[in-house]
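Read through the structure below, which is laid out as structure tokens, and then see the notes.
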There are 2 protein chains.
Amino acid sequence: MAKIDEVAKAAGVSISTVSYALSGKRPVSADTRRRIEEAVERLGYSPNAGARMLAGRRTRIFALTEPLRKDTHAPTHMAFVLATAVAARRNDYDVLLLTDEDAQAGMRRVASNRLVDAILVLDVAPEDPRVALAREIDTPTVFIGVPNDNDGLVCVDLDFEAATREAVGRMARAGHARIGLVGQPEVSYSRSNFPPRVREEFFAAASMFAVTADFRATGHEHATDAGVRAATGELLDAGATALLLHCPEESHRAVLAELADRRLRVPDDISVISVAPTFDTSALPRPLDALPLVPQASCDLAVDLALTFFDGDRPAPGIRLIPPAYLDHGSLARVPDAPSAAVAASAVA
Amino acid sequence: MAKIDEVAKAAGVSISTVSYALSGKRPVSADTRRRIEEAVERLGYSPNAGARMLAGRRTRIFALTEPLRKDTHAPTHMAFVLATAVAARRNDYDVLLLTDEDAQAGMRRVASNRLVDAILVLDVAPEDPRVALAREIDTPTVFIGVPNDNDGLVCVDLDFEAATREAVGRMARAGHARIGLVGQPEVSYSRSNFPPRVREEFFAAASMFAVTADFRATGHEHATDAGVRAATGELLDAGATALLLHCPEESHRAVLAELADRRLRVPDDISVISVAPTFDTSALPRPLDALPLVPQASCDLAVDLALTFFDGDRPAPGIRLIPPAYLDHGSLARVPDAPSAAVAASAVA
DNA sequence: TTGAAAGCGGTACCAG
DNA sequence: CTGGTACCGCTTTCAA
């Protein structure tokens, strides 16, 4: 618990020189710097956080608000929290958890407190009360997710529309004329911001590529295995030759189970692409092509944006969409033109 | 962003009076207090966090270290994080997340930083490197979980042994002569601290109550539904008339599914008790009796202990075990002494 | 390239 | 019951 003056004394320099040597905000002769670093090392000096917050301009802490609703998908959520923490630490920042029953109270507190330099908003809802609050407080706020009303806000997110469009486009180009979307449970379409975006773009892209599109939700409140299998079955019965999956890992497994029960092989009998999964689809019983939602990408960008608030100019408000990358695991094939193929085969024979 | 001197001026009192009025550490006349509170309200005053940390003795921040291993059960883990945050907020504390790849680096940093008043350790492993570190730093540390080597540490946890013993005892008293434990996947028995405690006490209690005990793990790395159903089946085939469940929510459902497939009714044909679940077992397809692990109870106690470090005396090192409560949902019945019952019934007929 | 010193915004001791 | 004020430990002018 050595203090800066002890370091200064040990190094035979003034307090300010120690400070500058450590922050690098002023040139320090090589020799002086070496002596200071040596003293710091020997005394195990570590600048007092409170003092830095008070004297300096920044606290080196980000707040992370996460409303933790009962229907939050824990693994996905945790991935985002972890990604945020990692991104923050990479920039020498710590993360303060704001899990207040009333998220707004927490945001207000740390804002008037000056406890944090910026607030990162997770698990954004279409109509999110934190939007109004963000406009009200003067602490920089970055949304990881896109609320309906996002005027003047700084938001980052995966480009769900582009991801969906690319998946549909690939299916269409592979000759699939009827594709199905295995979606989320119904309530997600009003509570979260991205499920509706995927669904809307699914239909838009389908019409753009002139293919027939069917959608099925996977339950009401929660995606049960039964709900997922039923949805899958209905889409198949309707004649889909390709499935777009937009649901949690467990549901992916349920879809694959249903396909297996029906003796449908991927991709020979049915093509499958996962949109915006947060887990590794190559680790599934049957690896699936995917346009993954990479939490680290969103969170890295969010932290970068939060930091630019301090480099003088605040970043231009607006939505930053992260372009999706396509991961090929061989679960998409040309349409199994079974009849004609059989005919052709027998013709050759 | 009003400061304390503005509040003082507005209320017509000195800075120190404002401070004391707010902290309550010195009596203030009712009238003065009222004027101060009014000024605070009107100016929207909120004491600067950094200044308080520097001048005061405490930072009002707890660090929460959570190693987030790949095999962490996300929902359970989140429940603990949330419970900790709630307990902290109730005491006017915030929670800083320490998810460093290297948990020790984070602990060391906030300790020498003086960024936090205490460190709460989650997800404790039997051999946890954070134990040695806790002894080395001078920031109060509370473990939520019990490591093997816990000399001199402050730990809180559910009394898994008592919970297991009570479950086994109830089964034995209900006449069950052969009981089975559906456990966790194998790796959990070396990575976590409580699965082994449950298993060991399971056998100890069984021998104490003179009943036969069987144990089955539910997979190697992860508890798959197949693994759970297989384990359940084997225990049933071995003749168990009562099952103790010590596994996540999904596995409970798998057990129930297996029982349903076998046309076994709970509790008529088979009794079931869940040990240390972190979810609501009454919401299962078939409500189950349980000795729940209540995160809030552990975390409340942990925070209380952390706070006592500041009331002058540090709490006596040692393990605080929270006594389990039995929740009766009618899934335990007297042994289905089928043969003799049938005989008796036919005799009457 | 380096040093001296004025804050940053509270807390809490010492007086009255 | 209330005021004055010396710090808390670091950052950052202002001077040299």
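So you know, we letter chains A, B, ... as the sequences are listed, proteins then strands, and number each from 1.
Between A:Arg57 atom CZ and D:dT12 atom P there is a gap of 7 Å when expressed in whole angstrom units. Between the CD atom of A:Glu6 and the C1' atom of D:dC10 there is a distance of 14 Å, given to the nearest Å. Taking atom CZ of A:Arg52 as the reference point, atom C1' of D:dC8 lies 16 Å away to the nearest angstrom. Counting to the nearest Å, the C1' atom of D:dC7 and the CG atom of A:Asn48 are 13 Å from each other. Here D:dG3 presents its P atom at 12 Å from CD1 of B:Ile4, a figure rounded to the nearest Å. Between A:Arg58 atom CZ and D:dT11 atom P the separation is 12 Å, expressed in whole Å.
Contact annotation: A:Ser23 side-chain N/O to D:dT11 OP1/OP2 distance is not under 4.0 Å. At least one side-chain nitrogen or oxygen of B:Ser14 sits closer than 4.0 Å to the OP1 or OP2 atom of D:dG3. Residue B:Thr32 places at least one side-chain N or O under 4.0 Å from the OP1 or OP2 atom of D:dT2. OP1 or OP2 of D:dT12 sits under 4.0 Å from a side-chain N or O of A:Lys25.
To the nearest 0.5 Å, atoms CD (A:Glu6) and CD1 (A:Ile15) are separated by 10.5 Å.
On the nucleic acid side, DNA chain C has its first and last nucleotide under 4.0 Å of a heavy atom of chain A at C:dT1 to C:dG9, going 5' to 3'.
Residue-to-nucleotide proximity on DNA chain D shows that, of A:Leu54 and B:Arg35, the 5′-proximal contact is made by B:Arg35. The residue among A:Ile15 and A:Val28 whose nearest nucleotide of DNA chain C lies closer to the 5′ end is A:Val28.
Side chains of B:Thr59 and B:Arg114: a donor-acceptor N/O pair is absent below 3.5 angstrom, by distance only. A donor-acceptor pair shorter than 3.5 Å cannot be found between the side chains of B:Arg33 and B:Tyr20. For the residue pair A:Ser19/A:Ser16, the side-chain donor-acceptor check at 3.5 Å is not satisfied.
Checked by distance alone, B:Arg26 brings a side-chain donor or acceptor within 3.5 Å of a matching partner on the base of D:dT2.
Using a 4.5 Å heavy-atom cutoff, the side chains of B:Phe62 and B:Val116 are not in contact.
Heavy atoms of B:Ser29 sit under 4.0 angstrom from primed sugar atoms or phosphate atoms, though from no base atom.
Across every non-hydrogen atom of A:Ser112 and B:Met1, the tightest pair is CA-CE, 3.7 Å.
Between B:Asp92 and B:Arg60 a salt bridge is recorded (basic side-chain N to carboxylate O distance below 4.0 Å).
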